[in-house]
> 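There's a structure below that I have some questions on.
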Protein chains: 2
Amino acid sequence: MADLVYRKIMRDLKERIFNQEFNDKKLPDERSLSESYGVSRSSIKRALNVMAQQGIIFKKRGSGTFINPLYLKNQSLFNYEGTNLGVTDSFHLDGKRPGIKLIDYQVIPASKELQQDLFLEPDDFVYKIKRLRLLDDEPIIIETGYIPIKIMPGLTPSVVKGSIFNYLSEIEGKSVTKSFMSILAEPSNQQDQELLGLSDKEPVGIMEGIFFLDDGTPLEVSNMRVHYKYLKYNTFVSLDEE
Amino acid sequence: MADLVYRKIMRDLKERIFNQEFNDKKLPDERSLSESYGVSRSSIKRALNVMAQQGIIFKKRGSGTFINPLYLKNQSLFNYEGTNLGVTDSFHLDGKRPGIKLIDYQVIPASKELQQDLFLEPDDFVYKIKRLRLLDDEPIIIETGYIPIKIMPGLTPSVVKGSIFNYLSEIEGKSVTKSFMSILAEPSNQQDQELLGLSDKEPVGIMEGIFFLDDGTPLEVSNMRVHYKYLKYNTFVSLDEE
DNA sequence: GAGTGGTCTAGACCACTTC
DNA sequence: AAGTGGTCTAGACCACTCT
């Protein structure tokens, strides 16, 4: 995976950009890069395309390829890219210690809506998993997730106290790489206020969506009510399609 | 632009998917598609890659290419993709009539922070444009934007009452295709409550970020305080890099 | 006109899944 | 072993920018 030609070139170019090797903010043209790396122009293009999509560089037909000055000044922004899929993963920030408190865990019949979203039959069952996520013992997210039992028949309360996505990839070799998400905000309700320690004037952010396995199977419907101070969704949007 | 081979194929495949032509949720293999469309396999791959990135299909090495069932059931979701760049554009929803009320419009020296974000010199000036955006006369967004005068020397109050991005593309032939955005939420302040008609328990969503021209020039720093009922940011996230 | 990125082709070979 | 997607190459030709 990591030894693909175009990935090696990406890594190297990022490194060189970081080291200010191209001080006029302009990269060498594709044909030169192709020659100096000893690879085809297509592979160079592929590397550059991915980097352009990540916002690291801009390509301008007829004149060249340029470094996004923001990337130099604020590289940390670019680490949020593609953004938080797993939640445990995205909040390791600031050296704080993440924690999970299990609030509710049961197996229930899938509702109509869950049947739709997870592509289940009327007699299928799902785990309902409600957890409180903490950062240095401070509660920040109330997370309610629904996972079909037929996808994870071996799910146990002890697994649920950790990262389900990590369990999936380490133990079952399945990986979660795609999701639909909606992000919105609401006044906090009483439960939010109790569990997250909010006043009645403080809101929650809501991230709800569906997570998919890499083969397209919908894995989980998730609803996260986030302490508003911890809701920050960073994204780089490109309207090109490729 | 619209007559590229891989785009034609994308359009046609989407059409055929929509018409349920592939009722087993499986697309023909790439080599067959290549032959039946009379194009190279690379062009097929390109079309399929873009569609996979959009979440319309899933590719599974060794077994085939499959339609995301959510796309069939809920195609509307996929129209939000890449998501709101221009703001006027993204709120035409529901047949409501968008409006703009100009609150403040002046030219000021660029602050340190603006100099950083917009790559300006210490003696550069920016327009400060504060507008209230309406939907059917109901206020929904307080938008404060900063644009360097040297990029748009001809900006006038009358332009500012409409879509600046449309003006740019129609009159000056420049297009805005990329942005960094952060999305968060906060309790509303007094001005939010007055302008957006909120109670003190109702929050605002905040979308702040930088818009870029397609050549990489930063065009605008924008801060939008959104009535919480209208904040809904939909996104399809893929952790693959391409 | 020279330089640079964009699109497309044709084909070799690899990696994974399924039978 | 056959089928299917993934990576990579080499090269042709087009479209835009610069001067």
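Computed from a predicted structure; not experimentally measured. All chains are named by letter (A, B, ...) in the order of the sequence lines, taking the proteins before the strands, and each is independently numbered beginning at 1.
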> Considering only dA12(D), dG6(D), dT4(C), which nucleotide approaches the side chain of Arg41(A) most closely?
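From the listed options, dA12(D) comes nearest.
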> Is any side-chain nitrogen or oxygen of Thr65(A) closer than 4.0 Å to OP1 or OP2 of dG5(C)?
yes
> Would you indicate which nucleotide in dG5(C), dA10(D), dT7(C) comes nearest to any side-chain atom of Arg46(B)?
dT7(C)
> Salt bridge check, Lys45(B) against Glu30(B): does any charged N sit closer than 4.0 Å to a carboxylate O?
yes
> Less than 3.5 Å apart, any donor N or O on the side chain of Ser182(B) or Asn234(A) sitting next to an acceptor on the other?
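Checked: Ser182(B)/Asn234(A) side chains pair up, N/O donor to acceptor below 3.5 Å.
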> Would you mind telling me which of dA10(D), dG5(D), dG6(C) lies closest to the side-chain atoms of Arg31(A)?
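Looking only at heavy atoms from C-beta outward on Arg31(A), the closest nucleotide is dG6(C).
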> For residues 211-223 of chain A, which residue pairs pass the salt bridge (Lys or Arg N to Asp or Glu O under 4.0 Å) check, not counting sequence neighbours?
none
> I need the CD1-C1' distance between Ile9(A) and dC8(D), as an integer number of Å.
11 Å
> Which whole-number value in Å describes the distance from Phe66(A) CZ to dG3(C) C1'?
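Computing the Phe66(A):CZ to dG3(C):C1' distance gives 12 Å.
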> Given atom CD1 of Ile57(B) and atom P of dT4(D), what is their separation to the nearest angstrom?
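Going from CD1 in Ile57(B) over to P in dT4(D) covers 15 Å.
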> For residues Asp12(B) and Tyr37(B), is any side-chain donor paired with an opposing acceptor at under 3.5 Å?
yes
> Separation of Leu48(B) atom CG from dG6(D) atom C1', in whole Å?
12 Å
> Quick one: Ile44(A) CD1 to dT4(C) P, roughly how many Å, whole number?
14 Å
> Please check if any side-chain donor atom of Lys59(B) sits under 3.5 Å from a side-chain acceptor atom of Asn49(B), or the reverse.
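Distance-only check passes for Lys59(B) and Asn49(B).
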> Below 4.0 angstrom from OP1 or OP2 of dG5(D), is there any side-chain N or O of Lys45(B)?
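Looking at the OP1 and OP2 atoms of dG5(D), neither is under 4.0 Å from any side-chain N or O of Lys45(B).
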> What nucleic acid atoms does Ser43(B) come within less than 4.0 Å of, heavy atoms only: base, sugar-phosphate, or nothing?
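The answer is sugar-phosphate, as Ser43(B) gets under 4.0 Å only of primed atoms, P, OP1 or OP2.
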> What is the distance from OH of Tyr37(B) to P of dC8(C), rounded to the nearest Å?
14 Å
> Could you tell me which non-hydrogen atom of Val226(A) sits nearest to which non-hydrogen atom of Leu231(A), and how far apart they are?
CG1-N, 3.9 Å
> Salt bridge or not for Asp124(A) and Lys150(A), using N-O below 4.0 Å?
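The answer is yes: the pair qualifies as a salt bridge.
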> Without decimals, in angstroms, what is the distance between Glu30(B) CD and dG11(C) C1'?
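That distance rounds to 15 Å.
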> Could you check Ser40(B) against Ser32(A) and say which one's nearest nucleotide on DNA chain C is further toward the 5' end?
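Of the two residues, Ser32(A) wins.
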> Distance check needed: dG6(D) C1' versus Asp215(A) CG, whole Å only.
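From Asp215(A) CG to dG6(D) C1': 17 Å.
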> Name the pairs: protein N/O against N/O of nucleotides 15-19 of chain C, kept only if under 3.5 Å.
from    : atom 1 : to       : atom 2 : distance (Å)
dA15(C) : O4'    : Arg61(B) : NH1    : 3.2

